[in-house]
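Here is the structure we will look at, set down as structure tokens.
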Amino acid sequence: MGRSTPWIHHWSRPIIVAIALIGVIENVYLTSIKLLGGTAVCPTSGCEEVLNSPYATVLGLPLTLFGFLAYTTVLLLAIAPLVFNPTTQKARRQAVETQTRFLLFLVTTAMVCFSSYLMFLLFFRIQAICPYCIASAFFCVSLFVITLIGTHWEDRGQLWLSGLGVGMITAIVALGLYNSVGDINTPNSFSDSSGGNTGLAITTTSGPAEIALARHLTQIGAKEYGAYWCPHCYDQKQLFGKEAFAIINYIECTTDGKNSQTQLCKKAGIQGFPTWEIGGKLYPGIQPLEKLAELSDYQGQREQGK
């Protein structure tokens, strides 16, 4: 009597398809948030910190876009043999399954290696808790494990050798991509003599209208909460210009930023950057100067000009 086939061998492909599909949906959502400048639904502020960090962009594109491509590749490889009828097209189904399983192993190996490096960045560089990132890492590990145990491998020695090669290549690529990224290594980011990172230098010049609005916002107690590495915060600074922004009551929320006031940000319930506090209400995201004028009942000069 032959040995029965383990249940995981029958169900590995459907399980991989389900996990990969969830990964695709997650990355489509996060990519849309990144490209459209929205705020992700998240129980912690870590999601926004990660999405707005320098590590969230690779080769000028959102990292989540590459995640979408990786999960889509796994989805297509896993679903390929399932399109054939197991009764009338059994031979064809088995052939496609054999052809795709090694590719699945290589892709999931690369995913779990790259995801491991991203977890290192999340906990030791960005120092934030991002449920989406942790979930994606769990998905990658699950896909790798199920791919490994979900089929019979005849030559495991060759398999591990191939996996080691893919892991080394992935590590080299990851280090190369992020070699110039970091809180203190970003070319356009710097620390001033008093200590603490200040981010990109403001390059725009303020006009009388911007300066007058900044003074008004400060007089009524308005605050802007931000992070020195946040690109949206930088865009907000550029709208005001160097002279006007120097007047704004700016609260730095990152621990290694200049004049950091992290506890104040937590107390205020800040979930993303930038966030304006005007009249006791919070307004997340980049705010046009005209909008800030309306929210603060500013009655002065409205015509901005740099």
Side-chain angles (χ1 to χ4, degrees), residues 12-13 15-17 19-28 30-31 34 50-51 53-81 95-128 130 132-187:
S12 62
R13 292 295 178 121
I15 294 174
I16 290 173
V17 168
I19 296 175
L21 184 58
I22 296 174
V24 167
I25 294 173
E26 178 191 45
N27 280 272
V28 167
L30 295 177
T31 300
K34 180 69 176 176
V50 172
L51 285 175
S53 74
Y55 299 103
T57 302
V58 174
L59 302 177
L61 297 171
L63 176 62
T64 51
L65 179 59
F66 294 94
F68 163 76
L69 295 176
Y71 280 111
T72 300
T73 300
V74 171
L75 178 63
L76 295 176
L77 289 173
I79 208 171
V96 174
E97 184 170 347
T98 300
Q99 293 167 0
T100 57
R101 65 179 181 179
F102 185 64
L103 292 176
L104 265 176
F105 172 76
L106 296 181
V107 174
T108 56
T109 298
M111 289 174 67
V112 79
C113 290
F114 196 82
S115 181
S116 298
Y117 181 65
L118 293 179
M119 286 298 98
F120 165 77
L121 295 177
L122 177 67
F123 292 116
F124 297 100
R125 292 289 182 85
I126 304 176
Q127 297 182 349
C130 173
Y132 292 108
C133 307
I134 296 173
S136 185
F138 175 75
F139 295 155
C140 290
V141 173
S142 298
L143 290 172
F144 172 76
V145 171
I146 295 172
T147 298
L148 188 62
I149 68 175
T151 189
H152 173 69
W153 300 95
E154 296 180 356
D155 190 348
R156 286 188 174 269
Q158 181 62 37
L159 187 72
W160 290 119
L161 184 62
S162 300
L164 179 62
V166 170
M168 293 178 63
I169 294 173
T170 303
I172 293 172
V173 170
L175 292 173
L177 289 174
Y178 289 118
N179 182 53
S180 61
V181 178
D183 291 342
I184 61 176
N185 295 322
T186 304

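Because the structure is predicted, anything quoted here is derived from the model rather than measured.
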**Study point:** Validation row: I146, I19 side chains within 4.5 angstrom (heavy atoms)
**Key:** yes
For [X] against [Y], the heavy-atom pair lying closest together:
X: Y117; Y: A174; value: CD2-CB, 3.7 Å
X: E26; Y: A135; value: OE2-CB, 4.1 Å
X: Y55; Y: L63; value: O-CD2, 3.8 Å

When the side chains of residues 95-103 are checked against the rest of the protein, which donor-acceptor pairs come out under 3.5 Å, sequence neighbours left out?
residue : atom : partner : partner atom : Å
T98     : OG1  : Q94     : O            : 2.9
T100    : OG1  : R13     : NH1          : 3.0
T100    : OG1  : R13     : NH2          : 3.0
T100    : OG1  : V96     : O            : 2.9
T100    : OG1  : E97     : O            : 3.3
R101    : NH1  : T151    : OG1          : 3.0
R101    : NH1  : H152    : O            : 2.9

Which donor-acceptor pairs under 3.5 Å do the side chains of residues 106-113 make with protein atoms, sequence neighbours left out?
residue : atom : partner : partner atom : Å
T108    : OG1  : L104    : O            : 2.8
T108    : OG1  : F105    : O            : 3.2
T109    : OG1  : F105    : O            : 2.6

Point to revise | Which residues share a side-chain hydrogen bond (donor to acceptor under 3.5 Å, both in side chains) with S136, sequence neighbours left out | key: Y71
Exercise for review: Identify, with sequence neighbours excluded, every residue that meets ring pair (Phe, Tyr, Trp, His ring centres under 6.0 Å) alongside F123.
Suggested key: none
**Study point:** All side chain to side chain contact (heavy atoms under 4.5 Å, CB included) counterparts of T64, not counting sequence neighbours
**Key:** N27, L30, T31, P62
Review point. How long is the gap from CD1 on I134 to OG on S115, to the nearest 0.5 Å?
Key: 10.5 Å
Practice item. Look up atom OG in S142 and atom CD1 in I16, then write down how far apart they are to the nearest 0.5 Å. Key: 10.5 Å
Sequence neighbours left out, cut at 3.5 Å: what donor-acceptor pairs do the side chains of residues 158-169 make with other protein atoms?
residue : atom : partner : partner atom : Å
S162    : OG   : Q158    : O            : 3.0

